[in-house]
J.: 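Have a look at the structure that comes next, please.
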2 protein chains.
Amino acid sequence: MDTDPRFDMLKAACPTRQVIDRIADKWTLLAVVALEASGTLRFSELKRSIEGISQKMLTQTLRTLERDGMVRREVEATVPVTVRYSLTPLGLSLAHAVGALREWSYANMDAIEAARDDYVPPTGPPTPTAVPAA
Amino acid sequence: MDTDPRFDMLKAACPTRQVIDRIADKWTLLAVVALEASGTLRFSELKRSIEGISQKMLTQTLRTLERDGMVRREVEATVPVTVRYSLTPLGLSLAHAVGALREWSYANMDAIEAARDDYVPPTGPPTPTAVPAA
DNA sequence: CAGGATCCCATATGATACTG
DNA sequence: CAGTATCATATGGGATCCTG
């Protein structure tokens, strides 16, 4: 059998795995980072902060984060309604964990770039510009 | 302008953001975790380790990780060829960063579950089973 | 301003078959 | 075993229009 307990954490049924499945997505992580950086942001501010995100994905991402207790949503009944988003303590703790990833990214982006340059794909078909032709 | 320097890290052009865009994906994180847990694994072992991953995605994920210098791929010319994958130092350091996320997931999965139960979506349309009808 | 509802498409990913 | 190639499909995600 392949019941190696070391991999239980990777079983789709494992709760930890489920959590990973949920938060390991670009927009979620970026939203959390944005909120961590400024504490509180309105919908449109948040949208401007996260370059490339669409209104749809932002709404969707925020709803999920709110549902899972990471984000607090406060509606203020002003004339054009004002909605402010901020991290809950739970969300803040997630932000810290994500911080490790960001730091790593920052510290190692050069190494990645370098590796990428050196890389030669395994058994690639002849490069079009290099084939001597038959 | 919205040139708040606090959000530079979220600009799509920012190198850190680019790295995040790349590694913040489920299969990549899971592959790294799997390799960290056992040091070295063959293709098929890796596939069995990561529940739910398809052969295609595993190949693709490993290629990318290899290209970016996180994974080392060693081919042994045995009869049915043997390929072993392991983390490079760079990959290992990433694994550590990801570890923070895993620990967070493990520590807070209950809180998430709880929040999810309490959650009531904002201004939802009347629940079918609750509408008094006109 | 915030966000719900739609339409629609690119592509991410799975399933299958084939090979060195 | 460790892939590559192909086909089929789900769905992630953008563009638009609309409303309180």
Side-chain angles (χ1 to χ4, degrees), chain A residues 2 12 20-31 34-35 40-67 71-86 119-127, chain B residues 2 10 12 20-31 34-35 40-67 71-86 119-128:
Chain A
D2 57 290
I20 296 267
D21 282 356
R22 157 157 306 290
I23 63 176
D25 115 89
K26 193 170 86 170
W27 298 134
T28 296
L29 296 184
L30 290 173
L35 287 172
T40 297
L41 285 175
R42 300 180 57 174
F43 185 85
S44 47
E45 294 173 328
L46 211 31
K47 184 167 187 313
R48 276 192 299 273
S49 301
I50 307 171
E51 191 162 289
I53 195 170
S54 66
Q55 171 263 341
K56 177 180 176 179
M57 290 321 296
L58 179 55
T59 300
Q60 187 173 303
T61 300
L62 288 172
R63 282 289 178 285
T64 303
L65 282 171
E66 189 196 355
R67 186 196 66 177
V71 161
R72 178 172 27 243
R73 176 177 183 269
E74 291 164 305
V75 182
E76 201 177 337
T78 53
V79 175
V81 65
T82 302
V83 180
R84 267 167 307 141
Y85 292 92
S86 55
Y119 184 66
V120 41
T123 56
T127 311
Chain B
D2 55 291
L10 299 180
I20 294 268
D21 281 357
R22 158 160 305 291
I23 64 176
D25 114 90
K26 194 169 84 169
W27 298 135
T28 296
L29 296 184
L30 290 172
L35 286 171
T40 296
L41 286 174
R42 301 181 55 175
F43 185 86
S44 47
E45 294 172 329
L46 211 31
K47 184 167 187 313
R48 277 194 299 274
S49 300
I50 307 171
E51 191 164 290
I53 195 170
S54 66
Q55 166 265 11
K56 178 177 177 179
M57 288 321 295
L58 180 55
T59 299
Q60 189 172 303
T61 301
L62 288 172
R63 281 289 179 284
T64 303
L65 283 172
E66 189 195 356
R67 185 197 65 178
V71 160
R72 178 172 28 241
R73 177 176 183 269
E74 292 163 305
V75 182
E76 201 177 336
T78 52
V79 176
V81 65
T82 302
V83 180
R84 266 166 309 140
Y85 291 93
S86 55
Y119 184 65
V120 41
T123 55
T127 312

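In what follows, chains carry the letters A, B, and so on, assigned in the order in which the sequence lines appear, proteins first and then strands, with residues in each chain numbered from 1. On a predicted model such as this, the values are computed, not experimentally measured, just so you know.
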J.: Output the single nucleotide from dC1(D), dA2(D), dT13(C) whose closest atom is nearest the side chain of P80(B).
T.: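 The listed nucleotide nearest to P80(B)'s side chain is dC1(D).
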J.: Please state how far atom CD in E45(B) lies from atom P in dC1(D), giving the value in whole angstrom units.
T.: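 The distance from CD of E45(B) to P of dC1(D) comes to 10 Å, rounded to the nearest Å.
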J.: Can you tell which of dG13(D), dT13(C), dG3(C) lies closest to the side chain of M57(A)?
T.: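 Of the options given, the side chain of M57(A) lies nearest dG13(D).
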J.: Between R63(B) and dT4(D), is there a side-chain N or O to OP1/OP2 distance below 4.0 Å?
T.: yes
J.: Can you tell me which nucleotide in dG14(C), dG14(D), dG3(C) comes closest to the side chain of K56(A)?
T.: dG14(D)
J.: Mapping Y85(B) and S54(A) to their closest nucleotides on DNA chain D, which lands nearer the 5' end?
T.: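 So the residue in question is Y85(B).
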J.: Below 4.0 angstrom from OP1 or OP2 of dA2(D), is there any side-chain N or O of S44(B)?
T.: yes
J.: Over all strands shown, is R84(A) touching base, sugar-phosphate only, or nothing at heavy-atom distances under 4.0 angstrom?
T.: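 The answer is nothing, as R84(A) stays clear of every strand by at least 4.0 Å.
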J.: Does R48(B) put a side-chain nitrogen or oxygen below 4.0 Å from OP1 or OP2 of dC1(D)?
T.: no
J.: Describe the nucleic acid contact of V81(A) in one word from base, sugar-phosphate, nothing, applying a heavy-atom distance below 4.0 Å.
T.: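 V81(A): base contact, heavy atoms under 4.0 Å.
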J.: Working to the nearest 0.5 Å, report the span between CZ of R48(A) and CZ of R42(A).
T.: 9.0 Å
J.: Nearest of dT13(C), dG3(D), dA2(D) to any side-chain atom of R42(B)?
T.: dA2(D)
J.: Side chain of W27(A) only, please: which of dG14(C), dG14(D), dG4(C) is the nearest?
T.: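 The listed nucleotide nearest to W27(A)'s side chain is dG14(D).
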J.: DNA chain D: K26(A) or Q55(A), which has the more 5' nearest nucleotide?
T.: K26(A)
